[in-house]
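In what follows, chains are A, B, ... by sequence order, proteins preceding strands, each numbered from 1. Computation of the quantities below employed the complete heavy-atom set of this structure, encompassing side-chain atoms and omitting hydrogens, waters and symmetry-equivalent molecules.
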Number of protein chains: 2
Amino acid sequence: MSGTHVLDSLLALTQILQADQERELDRRGLTGPRTHLLWVLHHGGPATQVQLSEALAVTPRHITTLVDALDATGLARRKPHPTDRRAVLVHLTDRGTSLMEAMDAEHDELGAALVDGLDHDTVRALIRGLDHVRAQLEGLIAEHERAQREREENP
Amino acid sequence: MSGTHVLDSLLALTQILQADQERELDRRGLTGPRTHLLWVLHHGGPATQVQLSEALAVTPRHITTLVDALDATGLARRKPHPTDRRAVLVHLTDRGTSLMEAMDAEHDELGAALVDGLDHDTVRALIRGLDHVRAQLEGLIAEHERAQREREENP
DNA sequence: TATTGTTATACTCTATAACTATA
DNA sequence: TATAGTTATAGAGTATAACAATA
């Protein structure tokens, strides 16, 4: 009973959170994947497109598209890789950097606002509960994957 | 500090949950929006395309595309509206119905598994925390929208 | 005149396959 | 021969605008 309640709360919250994030991105003319790429550059420094494709878990081909769009809007640029002439290094422009700084600050503000008014013990319990749920979920997924592999190996 | 921790836990959990859901849908040859549409039909009964476009918050045009795909895979069908000859009623086929029953059962199982091992008090605190976070978020959004309207009305 | 659904067009996310230039 | 990135093509989610049939 209450398990379903937790799951439904979580899903509802997820949906509201995402809708809000998307509105904020929209206001700035950004999309989720492009912002993710900017975030990776902001927190990891300049990177090749292959590195970005691993970080975002998408194909290198798609990174080309995303970087093209960010270049067109002046948030990121390509420059030649200093030692490998096949590769490029993608880096933030000044505008890209200050955008990411503003978004990081907003993220911290949002985090603080969400738990404002909750006593310390409830926050602790909330974090503990979320960690537990995550561990359970990861256990389930590992189990699914094991079952999947077995199904593939046997008739 | 711990507010950011809560937000980050929430976002990480969201991501894992979604990736898992998407894998399950993929296994069945479904996509998120199409499944959402099936879910609305399962829990609300046959509906016109305009009603579906309101329920999913997408354009009526896009509902045409989604229903076409579900019709092609035999999960939903159109039939004439009994009283309004402009409209159609979209309804689940038998296959669509049993698919949604199976997915509802899986959803309940997942909910139960997520809190398995947590004592009752922690589950209560978790639910209370999630409700609080959601209320805070909705308050923030309402405030943003108010500020937005003011910005639009004034120079 | 307003509403229901569809044709036409376009943008974005995403993938695979084939190709070029370099290692 | 393997790797970095791009051209070509395609499916899916999404939108707007224009239009037909019916209310």
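Considering every non-hydrogen atom in both B:Thr97 and B:His42, the closest pair reads O-CE1, 4.1 Å. The heavy-atom pair separating B:Thr48 from B:Ala87 by the smallest distance is CG2-CB, 4.3 Å. Considering every non-hydrogen atom in both B:Ala76 and B:Thr93, the closest pair reads N-CG2, 3.9 Å. When all heavy atoms are compared, the tightest approach of A:Asp131 to B:Ser9 is OD1-OG, 3.9 Å.
Residue pairs meeting the ring pair (Phe, Tyr, Trp, His ring centres under 6.0 Å) criterion with at least one partner in residues 105-144 of chain A, sequence neighbours excluded, do not occur; the list is empty.
At a threshold of 4.5 Å between side-chain heavy atoms, the hydrophobic network of Ile, Leu, Val, Met, Phe, Trp and Tyr places B:Met103 and A:Leu140 in two separate groups. No single ILVMFWY cluster, assembled from side-chain heavy atoms under 4.5 Å apart, contains both B:Met100 and A:Leu7. The cluster map of Ile, Leu, Val, Met, Phe, Trp and Tyr, joined by side-chain heavy atoms under 4.5 Å apart, puts A:Leu137 and A:Leu11 in the same cluster.
Within the 4.0 angstrom heavy-atom criterion, only backbone atoms of the sugar-phosphate kind lie near B:Leu66; the bases stay farther away.
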All N/O donor-acceptor pairs, side-chain side in residues 25-38 of chain B, below 3.5 Å, sequence neighbours left out:
from: B:Arg27; atom 1: NE; to: B:Glu24; atom 2: OE1; distance (Å): 3.4
from: B:Arg27; atom 1: NH2; to: B:Glu24; atom 2: OE1; distance (Å): 2.8
from: B:Arg28; atom 1: NH1; to: B:Glu106; atom 2: OE2; distance (Å): 3.4
from: B:Arg28; atom 1: NH2; to: B:Glu106; atom 2: OE2; distance (Å): 3.2
from: B:Thr31; atom 1: OG1; to: B:Arg34; atom 2: N; distance (Å): 3.4
from: B:Thr35; atom 1: OG1; to: B:Thr31; atom 2: O; distance (Å): 2.7

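Distance CG/A:Leu75 to CZ/A:Arg77: 8.5 Å, rounded to 0.5 Å. Considering CD of A:Gln15 and CG of A:Asp20, their distance stands at 12.5 Å, rounded to 0.5 Å.
For the pair A:Asp71 CG and D:dT6 P, the computed distance is 11 Å after rounding to whole Å. Between the NE2 atom of B:His62 and the C1' atom of D:dG11 there is a distance of 13 Å, given to the nearest Å. Whole-Å rounding puts the B:Arg78 CZ to C:dG5 P distance at 9 Å. Going from atom CG of B:Leu70 over to atom P of D:dA12 covers 11 Å, rounded to whole Å.
Although no hydrogens or angles enter the test, the distance criterion places a donor-acceptor pair under 3.5 Å between the side chain of A:Arg95 and the main chain of A:Thr73. The main-chain N or O of B:Ala113 is found under 3.5 Å from a side-chain atom of A:Gln136 such that the two form a donor-acceptor pair.
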Report each atom pair, protein N/O against N/O of nucleotides 7-10 of chain D, whose distance is under 3.5 angstrom.
from: D:dT7; atom 1: O4; to: A:Arg61; atom 2: NE; distance (Å): 3.0
from: D:dA8; atom 1: N6; to: A:Arg61; atom 2: NE; distance (Å): 3.4

Base-contact (B) and sugar-phosphate-only (S) positions in nucleotides 18-23 of chain D, heavy-atom cut-off under 4.0 Å, - elsewhere: ---BBS
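Remark: A:Thr48, A:Gln49, A:Val50 in residues 45-58 of chain A come within less than 4.0 Å of DNA chain D through at least one heavy atom. At a non-hydrogen distance threshold of 4.0 Å, B:Thr31, B:Pro33, B:Arg34 from residues 21-41 of chain B come into contact with DNA chain D.
Nearer the 5' end of DNA chain C, as judged by each residue's closest nucleotide, is the contact made by B:Pro60, out of B:Pro60 and A:Ala69.
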